[in-house]
Structures are given as C-alpha cells and as structure tokens.
Amino acid sequence: MRRRNIFALVDCNNFYVSCERVFDPKLTGRVVVVLSNNDGCIISRSAEAKAAGVKMGAPLFQAQALLDAHDAAIFSSNYALYGDMSRRVAETLEAFTPEVELYSIDEAFLNLDGCSGGGGAESLSDTGRKIRATVERWTGIPVCIGIAETKTLAKVAVAVAKHSQKARGVVNLVDPTYLKQALERVKVEDVWGIGPNYARRLKAAGIKTALDLRATDVPLWRRRASVMLERVIYELRGVSCLPLELCPPPRRSLTVSRSFGAPVESLADLREAVAFYATRAGEKLRRRNLVANALVVFLSTNRFADAPVYAPSATVSLPCATSYTADLIRCAHHALDKIYSAGHRFKKAGVMLVGLVPAAPVQQSMFVSTERADRLMHALDRINARMGSHTLRYGALGLKQRGRWQALCDRRSPRFTTRWDELLTLNLRATRG
DNA sequence: TCTGGGGTCCTAGGACCC
DNA sequence: TCTGGGGTCCTAGGACCC
C-alpha cells in the first residue's frame with residue numbers, strides 16, 4: 001500500500017502562559033501575560049488576556065493600563081522552564097509515533113500514517129483527540145491538533161481548531177468535506193509562509209483568504225514573489241512540498257544580540273558591548289562543540305523612530321575555525337571598526353557566528369623532564385607521529401615542580417599547522433620573556 | 001522614557017575562473 | 001588584445017518563522 005502523507009500538527013495553546021499555569025493553578029481564569037527578554041514586549045497571552053484586547057507583541061508600556069485594569073499576572077520569560085515543559089510534551093508525543101518533528105518550542109509535526117487503526121477520516125480524528133487528551137493529562141499543557149495531507153494545510157487546520165467550539169481542539173482536513181470551509185475562514189495573512197509583505201501584495205491583487213490563494217496563478221506569483229510563495233500555494237492545493245524532518249539539520253549560525261536601554265554613540269561603549277556578545281557566543285559555540293569560520297557584527301539605530309533606520313553590518317573571516325574567545329573578540333572589534341561611524345545613536349548591536357562546523361576533539365599531550373632539550377624534542381616527535389595528519393592549533397609545555405605540573409605557557413599557533421616545532425618555537429619564545 | 005531575541009531560506013549582483 | 005558563455009563563490013538584503 002502506498003504511504004500517504006498524513007501530517008498532524010500539535011500546537012500548544014498559549015504555551016508560555018500554560019507553562020506558568022502548570023506550576024501555579026491559581027492563574028487559571030485570570031488575565032496572564034509573559035514578556036520578552038528585556039521585559040519589553042508581550043509574547044504570550046492567556047485566552048482571558050486576548051479577550052481583554054491585549055495585543056500580541058505589544059510593548060509593555062502601551063498595554064500596562066489595560067493589564068492593570070484586569071488585575072493581570074505578568075511574568076518575565078523563563079526559558080529553562082519552557083524548554084523543560086517542551087521536552088515533556090515531545091516525550092508524550094513520541095509514545096504515539098517515532099516520527100515526530102520538533103518544529104519549535106511549542107509545535108510538533110507528526111506522521112499519523114500508520115498511527116491509527118482503520119486509516120479512515122473518522123479514526124484519524126479519534127487518534128488526534130486521544131493524543132490531545134494524553135498530552136493534557138501527562139503534562140498539564142492544553143494543545144490543539146490539525147490533521148491534513150500537507151504541513152501548510154495542517155497549519156490551517158490548527159488555526160480553525162483554535163477558534164472552533166465544535167472542533168474540541170482537533171480539526172481533520174484529510175476528509176475534504178470541510179476543507180473549503182476551513183480555507184475560507186483563514187485570512188491570507190494568517191497562512192503559514194505569508195508575512196506582512198506578501199499579504200499586502202496579495203490583498204492588493206484581491207486575494208483575501210487561504211481559499212483565494214489556493215486558486216491563484218502559480219507561475220504569476222512565482223515570478224512576482226519567490227519559490228517560497230509558489231510552495232505555499234501548492235501546499236494549500238494538497239501537494240506536499242515540505243517533508244517531515246526527523247533529524248534536525250546542523251545549525252548554520254548562532255547569534256547573541258541585545259537592544260540598548262538608552263542609545264549608544266561612542267565606539268568605546270560599542271566595543272565593550274560587542275566583546276561581551278562575542279564572549280557569550282563563544283560559550284554557546286563550545287557548549288555545542290562547534291567552531292565558527294566567520295563572524296558578523298551588526299548595529300542598528302532605533303527602528304521605531306521617524307528617521308530612516310541605519311543598520312550597517314560587516315562579515316570577517318576568522319583566521320581559522322575557532323571558538324576561542326580572544327579570537328572572536330579580536331575579529332568582532334575588527335568588524336566593528338569597519339562599520340562604525342560617529343554621529344549615529346545605535347539602539348541595538350549583535351554578533352553572529354556563521355560557517356559553523358563540529359570542533360575536532362583531537363588532543364595529545366605528554367610531559368617530560370625539561371632538563372634535556374633532546375629528550376623534549378624526542379617526545380614532541382613521538383606526539384607528532386601519533387597525531388598523524390591532524391592539524392594542530394594549541395601547544396603547551398609543562399614543568400614539574402615539587403610534585404605538581406605547571407604549564408610554562410600555553411600559546412596558540414597563528415595558523416593551522418602540522419609542525420610541532422612551530423608551536424615549540426612559539427612556546428620557547430614565550431618562556432624566554 | 002519604555003518597543004525581544006534567535007533562526008532559515010531565497011535572490012540578485014559582482015568577482016573570478018575556465 | 002578581443003570575444004562569450006557558463007559555472008562557482010561570496011555578500012548584502014529581503015522575507016519569513018517561532
């Protein structure tokens with residue numbers, strides 16, 4: 001029998017708020033919001049907050065009065081907690097099928113083919129309801145589930161499930177009976193893959209709903225926009241273009257950035273900020289056992305001001321793939337110097353590491369008495385032989401003093417090398433000083 | 001006054017090489 | 001020195017996602 005695509009999208013309701021409620025049930029029934037990193041914006045709202053008119057992404061200072069009026073509970077975000085709850089939800093889903101793609105912290109795609117008994121439309125919905133009830137019982141997190149033959153249609157199904165009383169949290173669009181109805185109810189700007197820009201252009205062309213978008217001329221919009229939009233249209237027509245990704249692709253970049261409380265103008269302050277971000281980025285890199293080949297520094301003026309935004313950036317190749325803090329800071333400063341010009345009030349800065357590759361976990365060391373240089377050279381030769389074709393980056397010389405080893409020095413080679421004597425020269429020069 | 005942070009993919013244009 | 005097409009790589013910018 002041919003394998004069908006049957007995607008189920010499991011989407012946690014108001015995820016961050018729901019996580020907070022698991023640990024404080026008294027929050028149930030209240031207006032609850034969770035704030036973004038700097039406590040700047042509202043990024044999660046309880047149903048009560050939505051009903052009260054609190055807008056997604058609204059800055060706190062604009063919503064404060066409304067929140068006060070509703071005696072709202074306001075939380076700073078706690079990503080350690082949300083990450084842990086996300087893992088529990090994922091484990092629950094994996095009890096139903098091994099084919100689970102963790103799409104984001106609060107969403108997962110499942111392959112439901114083979115998951116249900118008869119395979120008919122009715123039993124798919126039953127499976128969905130069973131998953132929903134189990135997740136709520138095991139983790140305390142309420143979810144909605146959309147079932148369809150493409151990921152984009154599963155997104156449509158979830159959007160409908162969230163607003164339909166009748167659906168009881170599960171909408172199945174594999175059965176085409178309600179497909180047209182569902183597509184008609186989803187506005188074009190709410191379709192997955194349609195952002196503000198495409199939405200504006202589509203609406204200007206009279207395309208207002210997901211149903212309209214499904215019926216549009218594919219080559220025309222491929223030309224006017226991109227393959228991304230083309231793919232969205234095909235997916236709405238039931239042609240699956242986005243497969244389930246069971247093993248996450250390796251990470252390609254890593255960013256550390258912050259907005260400044262007050263605008264920053266001086267190069268000295270920016271150098272300090274950028275050095276801090278580079279340090280944090282290096283820590284993340286090492287935690288994931290990666291090294292970076294290049295580094296990007298970016299700045300931005302206030303994007304909410306009337307003036308046009310000035311957002312320069314510069315990319316600098318690292319002399320060799322590294323996660324070494326001193327290298328990252330040096331290159332970050334170099335990149336900053338390239339883009340800095342006085343007279344701008346910057347509101348944001350960041351460091352992005354790109355060209356990430358796994359760090360080679362190769363190490364060899366050997367300590368010998370330093371009394372005789374020839375014995376030292378002999379030891380180094382033996383290490384060199386053991387290293388084979390590995391290129392080296394670090395070298396150290398040891399000295400035994402009163403029963404304890406001490407590093408005489410720990411110097412880096414200026415470039416990749418297979419030559420131990422190059423490292424040795426560096427080390428000896430360093431010790432002489 | 002106060003407006004998040006961290007990702008991916010696509011496209012167009014230029015440099016360079018054969 | 002001029003001619004041309006085609007390929008790759010890099011960069012910057014745009015668009016989208018959570």
Side-chain angles (χ1 to χ4, degrees), chain A residues 9 11-12 14-16 33-44 55-65 67 74-77 79 82-83 86 101-109 151-152 155 158 188-202 221-232 235 241-242 245 248-263 277 280-281 284-285 288 293-298 300-306 309-317 335 338-339 345 347-356:
Chain A
L9 174 60
D11 188 320
C12 301
N14 332 318
F15 184 56
Y16 299 166
V33 297
V34 175
L35 304 176
S36 65
N37 270 26
N38 283 351
D39 286 352
C41 295
I42 290 161
I43 54 168
S44 183
K55 295 274 174 285
M56 180 62 174
L60 178 61
F61 73 91
Q62 278 175 12
Q64 190 75 59
L67 293 170
I74 304 173
F75 289 86
S76 295
S77 37
Y79 288 103
Y82 310 149
S86 178
E101 173 189 339
L102 304 176
Y103 174 69
S104 73
I105 196 163
D106 67 340
E107 289 165 278
F109 286 103
K151 283 182 165 180
T152 306
K155 279 271 190 183
V158 156
V188 75
E189 64 265 37
D190 295 333
V191 172
W192 195 38
I194 306 300
N197 202 293
Y198 288 168
R200 186 173 40 76
R201 287 153 66 182
L202 288 165
W221 284 99
R222 161 80 213 243
R223 255 182 290 120
R224 282 194 189 172
S226 69
V227 287
M228 307 292 273
L229 187 49
E230 180 185 31
R231 241 177 263 166
V232 171
E235 284 249 323
C241 307
L242 304 166
E245 299 216 17
R251 178 184 293 267
R252 306 179 59 121
S253 72
L254 179 161
T255 307
V256 177
S257 71
R258 290 288 178 279
S259 293
F260 303 129
Y277 305 148
R280 286 284 103 81
K284 285 188 181 181
L285 209 50
R288 298 182 170 121
N293 276 295
L295 177 151
V296 184
V297 168
F298 55 90
S300 176
T301 57
N302 191 350
R303 64 195 170 100
F304 298 101
D306 278 338
V309 176
Y310 176 59
S313 73
T315 308
V316 177
S317 303
K338 280 170 60 170
I339 53 175
R345 294 157 60 78
K347 275 291 286 177
K348 182 177 177 166
V351 168
M352 175 160 63
L353 302 179
V354 295
L356 307 188

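Below, read A as the first sequence line, B as the second, and so on, with proteins coming before strands; counting in each chain starts at 1.
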Check your understanding: Which parts of nucleotides 4-13 of chain B does protein reach within less than 4.0 Å, heavy atoms only, written one letter per nucleotide 5' to 3' as B for base, S for sugar-phosphate only and - for none?
Key -> BSSSSSSS--
Exercise for review: Give a yes-or-no answer on whether the side chains of A/Tyr198 and A/Ser226 include a donor-acceptor pair shorter than 3.5 Å.
Suggested key: yes
Review point. Reckon A/Gly261 touches a base, only the sugar-phosphate, or nothing at all at heavy-atom distances under 4.0 Å?
Key: sugar-phosphate
Exercise for review: Would you classify A/Glu107 as touching base, sugar-phosphate or nothing, given that sugar-phosphate means primed atoms plus P, OP1 and OP2, and contacts are heavy atoms under 4.0 Å?
Suggested key: sugar-phosphate
Check your understanding: What is the nucleic acid contact for A/Val232, judged by heavy atoms within less than 4.0 Å: base, sugar-phosphate only, or nothing?
Key -> nothing
Practice item. Taking atom P in both C/dC18 and B/dC2, compute the distance separating them and give it to the nearest angstrom. Key: 29 Å
**Study point:** Pair A/Lys151 + A/Glu245, salt bridge at N-O below 4.0 Å
**Key:** no
Review point. So which of A/Thr315, A/Val296, A/Leu254, A/Val297 actually passes side chain to side chain contact (heavy atoms under 4.5 Å, CB included) with A/Met352?
Key: A/Val296
Exercise for review: Apply ring-ring contact (aromatic ring centres under 6.0 Å, His included) to A/Tyr16 and A/Tyr79, showing your working.
Suggested key: CA-CA 9 Å; A/Tyr16 299 166; A/Tyr79 288 103; 5.7 Å; yes
Review point. Is it the case that more than 12 heavy atoms not belonging to A/Lys338 sit under 6.0 Å from its NZ atom?
Key: yes
Point to revise | Check: A/Tyr103 ring centroid to A/Trp192 ring centroid under 6.0 Å | key: yes
Practice item. Could you check whether A/Lys55 gets within reach of a base, just the sugar-phosphate, or nothing at all, counting any heavy atom under 4.0 Å? Key: nothing
Practice item. Give a yes or no on whether a salt bridge exists between A/Glu230 and A/Arg223, defined as a side-chain N under 4.0 angstrom from a carboxylate O. Key: no
Practice item. Determine the contact category for A/Leu60: base if any of its heavy atoms lies under 4.0 Å from a base atom, sugar-phosphate if only primed atoms, P, OP1 or OP2 are that close, otherwise nothing. Key: nothing
Practice item. Return the value, rounded to whole Å, for the distance between atom CD1 of A/Ile105 and atom C1' of C/dC17. Key: 14 Å
Check your understanding: With a 3.5 Å cut-off and no angle check, do the side chains of A/Ser76 and A/Asp39 form a donor-acceptor pair?
Key -> yes
Practice item. Using Watson-Crick or G-U wobble pairs with both distances under 3.5 Å, give me DNA chain B in dot-bracket, 5' to 3', with [ ] for crossers and | for pairs to another strand. Key: ....||||||||||||||
